[in-house]
Novice: 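Structure incoming, see below.
Both ligands and their constituent atoms are indexed starting at 1 by order of listing. Basis for what follows: all heavy atoms, side chains included, without hydrogens, waters or symmetry-related copies.
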Amino acid sequence: MIDLSDNPHRRYNPLLDEWVLVSPHRTKRPWLGQVETLPPDNRPSFDTKCYLCPGNTRANGEVNPNYETTYVFENDFAALLPPDPNAETTTDGLLQTQPVGGECRVLCFSPRHDLTLAQMEPSAIREVVNMWADQVTEVGARLKWVQIFENKGASMGASNPHPHGQVWACDYLPTEVAKEDACQKSYFDHHQSSMLVDLVKQEVDKAERVVDQNEHWVLLVPFWAIWPFEYLLVPKRPVQRLPDLNDVERNALASILKSGLGAYDNLFQTAFPYSMGWHGAPTDGKEHPHWQLHAHFYPPLLRSATVRKFMVGFELLGEAQRDLTPEGSAARLRDCLPTL
Ligand code: H2U
Ligand code: ZN
């Protein structure tokens with residue numbers, strides 16, 4: 001058997017039916033590429049120019065209330081709009097279009113301009129968990145897919161450092177979600193159990209890719225991770241959607257978020273950038289036992305606070321590739337867990 005920690009090999013991602021090339025022997029190569037400059041991080045707790053701070057005026061002239069925990073508003077520049085009843089599918093040979101309907105919201109995580117989710121108290125993170133779950137209930141009553149996500153850090157395209165996330169909800173299953181839906185369905189049909197619930201059992205037994213866990217949640221670097229320090233966060237019992245989490249599970253989620261994001265910040269001694277988001281069963285009013293709720297965290301950093309991974313060359317033209325093994329990344333992140 002080849003030593004996976006030192007030889008090139010491919011790994012299978014059963015959630016997307018895709019492969020990733022792993023090249024662990026390359027980690028010793030010298031780096032002469034781009035070094036990103038770090039944005040200054042001496043933010044005030046309130047910024048008069050921030051459109052998310054309490055009491056400030058947004059681009060469309062609306063004034064934010066003096067909120068004390070979390071605050072949700074309709075995105076003033078929404079990427080999705082309510083469906084146009086007259087819109088139609090069009091086909092011209094290979095060229096097709098489809099009408100879409102949806103809505104976008106902005107989720108303020110805290111009135112404090114200077115905090116990040118990682119720096120917030122577990123009780124305040126718990127408010128964010130409640131907000132996420134409430135959004136799925138509320139918006140999911142109208143639309144079958146409610147994508148909750150956070151882009152953190154300028155390098156991930158966040159336009160404002162004030163801690164916030166977004167909801168983009170739509171009347172169709174987006175591409176990545178449709179792939180996860182099909183893969184989980186096929187696994188469930190073959191095994192009569194949910195793929196990610198089974199994965200959690202296997203990973204907790206092995207422990208080598210687990211970064212942190214508590215009674216209700218496991219945080220791990222997936223075997224098939226593409227991003228150097230990618231996380232998959234999964235509840236241990238079968239749970240289809242965020243609103244299904246009970247009180248105890250929500251507190252446990254706040255706590256594991258605090259520790260997992262703390263490990264990110266400690267790793268390169270920086271406010272770690274990432275895109276994260278939740279995947280759960282579609283909100284179409286039906287049961288989807290093949291679906292297991294989970295969150296993905298995709299951070300771009302590779303070697304330091306200033307050296308990031310790029311998806312280029314072979315990755316764009318062939319398939320995704322990584323140098324560090326997921327096992328090595330998980331071990332480094334475990335070493336960085338904060339003492340809470
Ligand atoms: P990002 O930082 O992740 O881009 O999210 C900020 C969102 O806030 C962005 O989608 C919206 C932008 O459209 N926004 C408003 O809705 N109102 C504003 O006054 C400014 C920005
Ligand atoms: Zn602010």
Side-chain angles (χ1 to χ4, degrees), residues 36-82 100-121 124-125 127-129 131-132 134-136 138-139 142-143 145-171 174 176-177 227 230-231 242 257 261 264-265 270-279 295-301 308 311:
E36 313 227 341
T37 47
L38 281 176
D41 200 9
N42 43 9
R43 283 180 273 154
S45 61
F46 172 80
D47 182 343
T48 48
K49 291 184 289 298
C50 170
Y51 57 81
L52 300 177
C53 275
N56 285 353
T57 305
R58 301 205 304 274
N60 70 351
E62 260 181 65
V63 178
N64 296 329
N66 281 314
Y67 65 97
E68 285 173 1
T69 52
T70 59
Y71 173 56
V72 182
F73 63 89
E74 298 295 325
N75 195 313
D76 302 314
F77 308 96
L80 290 147
L81 298 170
V100 293
E103 62 179 271
C104 299
R105 295 178 163 193
V106 180
L107 313 176
C108 301
F109 292 169
S110 163
R112 286 271 302 269
H113 186 79
D114 57 336
L115 294 182
T116 64
L117 204 51
Q119 293 164 335
M120 287 162 56
E121 293 297 325
I125 301 177
E127 296 290 340
V128 175
V129 170
M131 172 171 62
W132 286 334
D134 292 348
Q135 289 304 305
V136 173
E138 204 182 303
V139 184
R142 298 189 285 279
L143 293 160
W145 189 254
V146 182
Q147 185 59 61
I148 287 171
F149 65 94
E150 177 191 4
N151 291 329
K152 181 188 164 208
S155 65
M156 290 311 281
S159 60
N160 182 333
H162 191 116
H164 70 282
Q166 298 192 45
V167 173
W168 289 26
C170 49
D171 57 5
E176 290 299 299
V177 177
W227 294 93
E230 186 175 325
Y231 279 153
L242 277 166
L257 282 167
L261 296 177
Y264 270 174
D265 286 356
T270 192
F272 210 69
Y274 57 77
S275 258
M276 71 77 65
W278 286 98
H279 282 161
H296 297 280
F297 292 77
Y298 300 123
L301 296 184
R308 60 163 293 167
M311 286 277 219

Novice: Looking only at protein heavy atoms, which one is nearest to atom 19 (O) of ligand 1, and what is the separation?
Specialist: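 Of every protein heavy atom, A59 N, 2.7 Å lies nearest to atom 19 (O) of ligand 1.
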Novice: Identify the protein heavy atom lying closest to atom 5 (O) of ligand 1, giving its residue, its atom name and the separation to 0.1 Å.
Specialist: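 Going atom by atom, the protein heavy atom closest to atom 5 (O) of ligand 1 ends up being Q166 NE2, 2.9 Å.
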Novice: Do you know which N/O/S atom name in H162 is closest to the Zn ion (ligand 2)?
Specialist: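 Atom name returned: ND1.
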Novice: Which atoms of ligand 1 are found less than 4.0 Å from any heavy atom of F73?
Specialist: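 Listed by number with element: 15 (C), 16 (O).
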Novice: Going by an N to O cut-off under 4.0 Å, is there a salt bridge joining E74 and R58?
Specialist: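 Judged by the 4.0 Å cut-off on N to carboxylate O distance, E74 and R58 do not form a salt bridge.
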Novice: Under 4.0 Å from a heavy atom of F77: give me the atoms of ligand 1 that qualify, with their elements.
Specialist: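 So the answer, numbered in order with elements, is 13 (O), 14 (N), 15 (C), 17 (N), 18 (C), 20 (C).
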Novice: For the CD atom of Q135 and the CG atom of L242, what is their distance to the nearest 0.5 Å?
Specialist: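 Going from CD on Q135 over to CG on L242, the span is 11.0 Å.
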Novice: Counting only heavy atoms not in W278, do more than 12 fall under 6.0 Å of its CH2?
Specialist: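 Enclosed.
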Novice: Would you mind checking which non-hydrogen protein atom is closest to atom 4 (O) of ligand 1, with the distance to 0.1 Å?
Specialist: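 Of the protein heavy atoms, S159 OG, 3.4 Å lies nearest.
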Novice: Which distance, rounded to the nearest 0.5 Å, do you find between the CG of N42 and the CG of D114?
Specialist: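 The distance works out to 11.0 Å.
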Novice: By atom name, which N, O or S atom belonging to H113 lies closest to the Zn ion (ligand 2)?
Specialist: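 Nearest to the Zn ion (ligand 2) within H113's N, O and S set: ND1.
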Novice: Is there a donor in the side chain of Y51 and an acceptor in the side chain of S159, or the other way round, less than 3.5 Å apart?
Specialist: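 Side-chain D/A pair, Y51 to S159: present.
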Novice: Pull out every atom of ligand 1 sitting under 4.0 Å from any heavy atom of R58, numbered as shown with elements.
Specialist: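 Checking each atom against R58, I get 19 (O).
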Novice: Once rounded to the nearest 0.5 Å, what's the spacing between atom OH of Y274 and atom CZ of F297?
Specialist: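 Taking OH in Y274 and CZ in F297, the distance rounds to 6.0 Å.
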Novice: Can you report which non-hydrogen protein atom sits closest to atom 13 (O) of ligand 1, along with the distance?
Specialist: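 Nearest neighbour among protein heavy atoms for atom 13 (O) of ligand 1, to 0.1 Å: N75 OD1, 2.7 Å.
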Novice: Please confirm whether H164 approaches ligand 1 to less than 4.0 Å, judged on its heavy atoms.
Specialist: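 Right, H164 reaches ligand 1.
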Novice: To the nearest 0.1 Å, how far is atom 8 (O) of ligand 1 from its closest protein heavy atom, and which atom is that?
Specialist: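 Answer for atom 8 (O) of ligand 1: V106 CG2, 3.6 Å.
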Novice: Between atom CG of D265 and atom CD of Q119, what is the distance when rounded to the nearest 0.5 Å?
Specialist: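 Between atom CG of D265 and atom CD of Q119 there are 6.5 Å.
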Novice: Could you check whether Q166 and R105, counting side-chain N and O atoms only, form a donor-acceptor pair closer than 3.5 Å?
Specialist: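 Per modelled atom types, R105 and Q166 side chains form no pair under 3.5 Å.
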Novice: Note the single closest protein heavy atom to atom 15 (C) of ligand 1, along with its residue, its atom name and the distance in Å.
Specialist: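 The closest heavy atom on the protein side is D76 OD2, 3.4 Å.
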